[in-house]
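This report concerns only the one structure given below.
Hydrogens, waters and symmetry mates are skipped; everything else that's a heavy atom, side chains included, is used. Here is how names work: the chains are called A, B, and so on, in the same order as the sequence lines, proteins then strands, and each is numbered from 1.
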2 protein chains.
Amino acid sequence: MTADSVTTAAPTPARHRPSVMDVARLARVSVGTVSNVLNRPERVSPRTRSRVESAIAELEFVPSESARQLRAGRARSVGAIVLDVGNPFFTALTRGVEDRIGADGLALLVSSSDDDPERENRALQLYEQHGVRGVLVTPASAERADLHALRARGTTVVLMDVDGEDELPSVSVDDVLGASLPVAHLLELGHRRIALFNGPLTIHQCADRLAGARLAVVNAGLDPDEVLVEMPLPSLNAEHGTLAAERLLALPESTRPTAIFCVNDLVALGALSTLVRAGVPVPDGVAVVGYDDVPWAAMLVVPLTTVRQPTHEIGWTAADLLLRLDGEDAVGPTRVRFAPELVVRRSSDPGA
Amino acid sequence: MTADSVTTAAPTPARHRPSVMDVARLARVSVGTVSNVLNRPERVSPRTRSRVESAIAELEFVPSESARQLRAGRARSVGAIVLDVGNPFFTALTRGVEDRIGADGLALLVSSSDDDPERENRALQLYEQHGVRGVLVTPASAERADLHALRARGTTVVLMDVDGEDELPSVSVDDVLGASLPVAHLLELGHRRIALFNGPLTIHQCADRLAGARLAVVNAGLDPDEVLVEMPLPSLNAEHGTLAAERLLALPESTRPTAIFCVNDLVALGALSTLVRAGVPVPDGVAVVGYDDVPWAAMLVVPLTTVRQPTHEIGWTAADLLLRLDGEDAVGPTRVRFAPELVVRRSSDPGA
DNA sequence: TAGGCTGCGTGAAACGATTCATTGAGTGTG
DNA sequence: CACACTCAATGAATCGTTTCACGCAGCCTA
């Protein structure tokens, strides 16, 4: 095949895309009728309808969404802004949103804010211009001024993975509970010194999980300051899990924690691998608990005890809430909070 | 806060969203001038411009993308259809697409086809109606009739992760090379019986990787039928990696492969964990190699040798290609193929 | 048979931005 | 002083739908 033949293979040169008028002409009806066939087929007699339908097929007519939207006022799309689509948590969230949105034949606009209010705002503006039906946001900045302004201008906003402290609707997970479950579990197993591989408390999830851990200790009638050993990590990845585990192993036997609660599974993986490589038996030497229940958590050499969050469901529910709010028949709760679930595996329980 | 006060807090009731006309009126200019301020500010005198700009600010004017698009003919958005946004590979791909698309201020429409031609086609129709500038697709079906039809109707189409056997532009990875690299590596280390934990050959990646494995053996002057032991898996997850590893361990010592090449890292994880738990030393007893280089591959108890694919770059490049093709100044290659890279770690090389 | 329905279809008026031929004011030149 | 020329700004036409007030048969009922 020569370069020429490739050129010739190019799509039909500048043929005008057919409009309702072209269809109407071919089917010998008015444009209104074509529109009716498209949107309220029951109002058109079968004869006429089939004539219009074959005209549509013959011309390969594709309705223009922008024209429809211009007239109808509302778009058939929804925007979602997450911290990072590359992160498994948000990935599952997005998939949940997509599943709900797609059921209504709506399109999903996605972008990542990278936790940068600047980027978040750019995406918000873009989506507002596109006239989306609403926006699902995992907010980057603590101050929600942009979001409130957007809402005031008429766009529905639903927060995800954050509890709407203000009056914005939201769908979130109870991180306090999510941390108290595994810590209670460790206490029950007899652990009395528990390390917390936590992240910076400016991240609200980290702050909530610290609170949850303390709560569990208090509920057990113990003193959190004695039981919990906070070991903050600058960044929540496996490397820092490794480093923190090494620091932990360097502690004298007498004061060394016998269990580690990690703020996520990646950190737990780093910690776990370090312990195993150092010859420390898990869970008998040191128990390890993670958070998130990533797909590979159950498959590690020592299967990982962890906390499962209903990520897909959060996304689905947030989208559902958005559509409900948009539907004017706004009934039902506007602030949903899911309970996470403890998944016990060998890394904490020798019997599992 | 009572339910009543919540109701009262609702956004301004049905206030009309301002249009260019409102802005023009307030700024005492014509609509054309407002449009110029928006799109070609340099053509407007500074005095007038600032008057218009403050009117825009005062009214909180947000231009309607659908009106713009209706007139301009082309949308400021791009569609992407992948097999599953929940899959890390596609997740990274999507992020690459987003990064390229976002740089041009375009919006990204995303959906998952779940490898279902039906769903894929629905998404294609939706995006065509939205008038997207082009569509990036990881095709579900082998037959590309819909895609060709779409292209013929004027929408730019770029395939991802698939080599454009037909004349459609594409961005892909060389899977044959991707499999031959690790197999050559294993042969070099002295392995003469290598198990292939592969998936169904109907998946083109699996077929290509089998071909690549055989190629490497042939290149080493050996007989593929003697060296390679194909152990097909019905599904590419960690559980089946575990099962296959158990089958492998059940083979008599004399014929048992000394190395496993897995079609992805999840399968490799299943295999690795099973070996370690069975007390088989890795890599000295059995070496393991994966594919994908997922974020946790380096952090396992035995860090995993694997093949890294430039996923982010594939997405970025595909989006870049799309925009170039759309730009009419269509120069440069329309079929890009990336080379994967072998990442050697301890699971194959004791010295690593 | 008049009057009132019902069911189908009609076609013009939006929707809100962009474009472009045109007007008008101001400036420099012969 | 008339003329050409530039730079700003104008405003009507346009994009492709949806909507809605009407018209027109045909049919039933009184």
> Phosphate oxygens OP1/OP2 of D:dT18: is one of them under 4.0 Å from a side-chain N or O of A:N39?
Replying inline: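 Answer is yes, contact under 4.0 Å.
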> So, is A:H16 near the phosphate of D:dG16, with a side-chain N or O under 4.0 Å from OP1 or OP2?
Replying inline: yes
>> Consider side-chain contact (heavy atoms from CB on, under 4.5 Å). Of B:L106, B:D104, B:T156, B:T155, which one does B:R133 pass it with?
In response: B:L106
Side chain of [X] (C-beta onward), nearest among [options]:
{"X": "B:S45", "options": "D:dA8, C:dG16, D:dT10", "result": "D:dA8"}
{"X": "B:V29", "options": "C:dT10, D:dT18, D:dT10", "result": "D:dT10"}
{"X": "B:S30", "options": "D:dT17, C:dA17, D:dT10", "result": "D:dT10"}

Under 4.0 Å, counting only non-hydrogen atoms across every strand here, what does [X] touch: a base, just sugar-phosphate, or nothing?
{"X": "A:T33", "answer": "base"}
{"X": "A:R74", "answer": "nothing"}
{"X": "B:V34", "answer": "nothing"}
{"X": "A:S35", "answer": "base"}
{"X": "B:R40", "answer": "sugar-phosphate"}

> For residues B:T94 and B:T91, is any side-chain donor paired with an opposing acceptor at under 3.5 Å?
Replying inline: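 No donor-acceptor contact under 3.5 Å links the two side chains.
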> Looking only at side chains, do B:H16 and B:D22 share a donor and an acceptor under 3.5 Å apart?
Replying inline: no
>> Surrounding CZ of A:R337 (heavy atoms of other residues, nucleotides or ligands, distance under 6.0 Å), is the total greater than 12?
In response: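 Yes.
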> For the residue pair A:A67 and B:L70, what are the closest heavy atoms and their distance?
Replying inline: CB-CD1, 3.7 Å
Between atom [atom1] in [X] and atom [atom2] in [N], what is the gap in whole Å?
{"X": "B:Q69", "N": "D:dC15", "atom1": "CD", "atom2": "C1'", "answer": "11 Å"}
{"X": "A:M21", "N": "D:dT14", "atom1": "CE", "atom2": "P", "answer": "12 Å"}
{"X": "B:R49", "N": "D:dC7", "atom1": "CZ", "atom2": "C1'", "answer": "14 Å"}
{"X": "B:N36", "N": "D:dT10", "atom1": "CG", "atom2": "C1'", "answer": "10 Å"}
{"X": "A:R25", "N": "C:dT10", "atom1": "CZ", "atom2": "C1'", "answer": "16 Å"}
{"X": "B:L59", "N": "C:dG16", "atom1": "CG", "atom2": "C1'", "answer": "15 Å"}
{"X": "A:R68", "N": "C:dA17", "atom1": "CZ", "atom2": "P", "answer": "20 Å"}
{"X": "A:E65", "N": "D:dG16", "atom1": "CD", "atom2": "C1'", "answer": "12 Å"}

>> Determine whether a donor-acceptor pair (one donor, one acceptor, N or O, separation below 3.5 Å) exists between the side chain of A:R71 and the base of D:dT17.
In response: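 No, no donor-acceptor pair under 3.5 Å.
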> Hey, which of these two, B:V44 or B:L70, hits DNA chain D nearer its 5' end, going by closest nucleotide?
Replying inline: B:V44
